2 protein chains.
Amino acid sequence: MTSTNVFSSKSEVAYAEIRDRILSGALAPGSRLAQYELAESLHMSITPLREAIRRLSSEGLIDLDTHRDARVARMDAAEARQLFEVRLSLDPSAVELAAARRTEADITAMRAAVERLLPVTRQWGEEALTAHRDFHRTLYRASHNDVMVRLLDDLWDKSDRYRRIGLVLPPGDGPRTRDLDEHRQMMELVISGDGERAAELMRNHIRLSLTASAIEVLEAR
Amino acid sequence: MTSTNVFSSKSEVAYAEIRDRILSGALAPGSRLAQYELAESLHMSITPLREAIRRLSSEGLIDLDTHRDARVARMDAAEARQLFEVRLSLDPSAVELAAARRTEADITAMRAAVERLLPVTRQWGEEALTAHRDFHRTLYRASHNDVMVRLLDDLWDKSDRYRRIGLVLPPGDGPRTRDLDEHRQMMELVISGDGERAAELMRNHIRLSLTASAIEVLEAR
DNA sequence: GACGCTCCTCGTAACTTATAAGATGTTCGG
DNA sequence: CCGAACATCTTATAAGTTACGAGGAGCGTC
């Protein structure tokens, strides 16, 4: 499924690169994407670039204004809340499926991912964000539902944009100390096959997630 | 949010048209999409066409084979099942939110949509499918969560591809008679604000949905 | 506030390059 | 001499470049 060879055509490169810049914040929300400039900076002509931009626009990361310009999608509290609500529904379902279907390979991967979480509990930063994302992704994969995995990966990336806001602007305290425990516990529940409790834990995990602080920050302005 | 003006640029037209042909089955799964031919049939050059194709490929409706060709994504029982699982999680959440947030306008829209369901209960057909889709969409909208609405609209369209399989190939009995009742009941629960029971009903509604028969059909070959 | 100037996206078209598949041919063991 | 394995040529088509034209949007000017 979704074979779609991965030969990085230029269009693919443009897509990945721009997406990354947007999600990482390198391209600020609302900033303009000039075709010719961007094409030059990515060492390609505008044809593949435009394909990438259109794709990103259909994913909601870019706002296209016909005959005008393309801009990085703005962020607002409403969208943060909506992403949050969707994940509150999907994430628990994913772990529930994972608990029913995890394989030995999944278990190994999860244990490895949770270990990588350990060294970065003190403070948020790019490594901590990556490790955190990887752990959740490993959980998602264990659901063995590609459609769900794709959705969740995407939702995660989009929520992460908001997480950064909530983290970077305020003092930026590290991940909650109970976070690591929670992750470990969630993993154990998945491994033991207790989908119901794993889902419940995930629900709480998301409720307490830092998205909330991003909403506050956005609402404050 | 997702303003993205709707001025139908050619690229947009191509996207909508091809998507429609795929979902409606006019373009069979696995069939080839030749750039130049298609461009001609859509009265445009390949530039906007390629933008559309890339978009559809990133949505999973088209499989792209670099330097070779583009084909309509194939269908299989695994994907049907996955779509089904995702909707089993999201649809109930949507009605739960809807029950909490429906406005007068939503209520009017839902009542109108359920009426349009009435004349087409006897047999499945394009009108019945459209009316059915519209009713569910109206429910989704009442959740007032744009992110969720977008996801569900998309999931609906994709599942509908499978529904058609389950309907068209076998004798093609009409919508179950209890379907109309269920829809009406679900709507009333949303209107009365009983999110919990509405969600529960939706879960059952989806479980019994005809997607199941599509899975059987696909597995049989 | 109407006109025109300018900028930039949208779309077209012709051309070059890259890649995969199949046909064709070539070599070498039996 | 036959046939199988392997290399090469041909062909079809996508991917990308470039140049150019059309037209909407904003802005300044009168």
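Lettering of chains follows the sequences in order, A, B, ..., and the numbering in each one begins at 1. As the structure is a computational prediction, the values presented were derived from the model and not from experiment.
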K.L.:
Could you state the atom-to-atom distance from CG of A/D65 to C1' of C/dC8 in whole Å?
P.N.:
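After rounding, the reported distance stands at 12 Å.
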K.L.:
Return each pair, listed once, that meets salt bridge (charged side-chain N to carboxylate O under 4.0 Å, His left out) where at least one residue sits in residues 89-103 of chain B; pairs must be two or more places apart or across chains.
P.N.:
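Non-adjacent pairs meeting salt bridge (charged side-chain N to carboxylate O under 4.0 Å, His left out): A/E85-B/R101, B/R87-B/D91.
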K.L.:
Would you kindly give the CD-to-P distance between A/Q35 and C/dG11, to the nearest whole Å?
P.N.:
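The distance from CD of A/Q35 to P of C/dG11 comes to 11 Å, rounded to the nearest Å.
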K.L.:
Test of understanding: with side-chain contact (heavy atoms from CB on, under 4.5 Å), list the residues that count as partners of A/A26, not counting sequence neighbours.
P.N.:
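Here the qualifying residues are A/R21, A/S24.
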K.L.:
Is there any salt bridge (charged side-chain N to carboxylate O under 4.0 Å, His left out) pair reaching into residues 27-45 of chain A, and which pairs are they, with sequence neighbours excluded?
P.N.:
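Applying salt bridge (charged side-chain N to carboxylate O under 4.0 Å, His left out) to every pair that reaches into residues 27-45 of chain A, excluding sequence neighbours, yields A/R32-A/D69.
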K.L.:
Partners of B/I191 by side-chain contact (heavy atoms from CB on, under 4.5 Å), sequence neighbours excluded?
P.N.:
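Counting only residues at least two positions away or on another chain, B/I191 forms a side-chain contact (heavy atoms from CB on, under 4.5 Å) with B/I107, B/M110, B/R111, B/M187, B/E188.
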K.L.:
Between D/dA15 atom C1' and A/L49 atom CG, what is the distance in whole Å?
P.N.:
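One finds 15 Å between C1' of D/dA15 and CG of A/L49, rounded.
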K.L.:
Dump the pairs, protein N or O against N or O of nucleotides 16-19 of chain D, anything under 3.5 Å, distances to one decimal.
P.N.:
unit_1, atom_1, unit_2, atom_2, d
D/dG16, OP1, A/K10, N, 2.5
D/dG16, N7, B/R50, NH1, 3.3
D/dT17, OP1, A/K10, NZ, 3.1
D/dT17, OP2, A/S45, N, 2.9
D/dT17, OP2, A/S45, OG, 2.4
D/dT17, O5', A/S45, OG, 3.4

K.L.:
Return the value, rounded to whole Å, for the distance between atom NE2 of A/H67 and atom P of C/dT9.
P.N.:
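So the NE2-P distance, A/H67 to C/dT9, works out to 12 Å.
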K.L.:
For B/R68, check side-chain hydrogen bond (donor to acceptor under 3.5 Å, both in side chains) against everything at least two apart and list the hits.
P.N.:
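Counting only residues at least two positions away or on another chain, B/R68 forms no side-chain hydrogen bond (donor to acceptor under 3.5 Å, both in side chains).
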K.L.:
For side chain to side chain donor-acceptor pair (under 3.5 Å), just list the numbers for A/Y162 and A/E79, CA-CA rounded to whole Å, side-chain angles, deciding distance to a tenth of an Å, and then say yes or no.
P.N.:
CA-CA 9 Å; A/Y162 287 96; A/E79 194 193 11; 2.4 Å; yes
K.L.:
Send over the distance from B/D69 CG to C/dA20 C1', rounded to a whole Å.
P.N.:
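Going from CG in B/D69 over to C1' in C/dA20 covers 10 Å.
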K.L.:
Which one, C/dT9, D/dA15, D/dT13, comes nearest to the side chain of B/R32?
P.N.:
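Of the candidates, D/dT13 comes closest.
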K.L.:
For B/E40 and D/dT13, what is the distance between atoms CD and P respectively, to the nearest whole Å?
P.N.:
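After rounding, the gap between these two atoms is 14 Å.
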K.L.:
Between C1' on C/dG11 and CG on B/L42, what's the gap in Å once rounded to a whole number?
P.N.:
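In whole Å, C/dG11 C1' lies 14 Å from B/L42 CG.
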K.L.:
So which one's nearest nucleotide on DNA chain C is more toward 5', A/A34 or B/R68?
P.N.:
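The residue whose closest nucleotide sits nearer the 5' end is A/A34.
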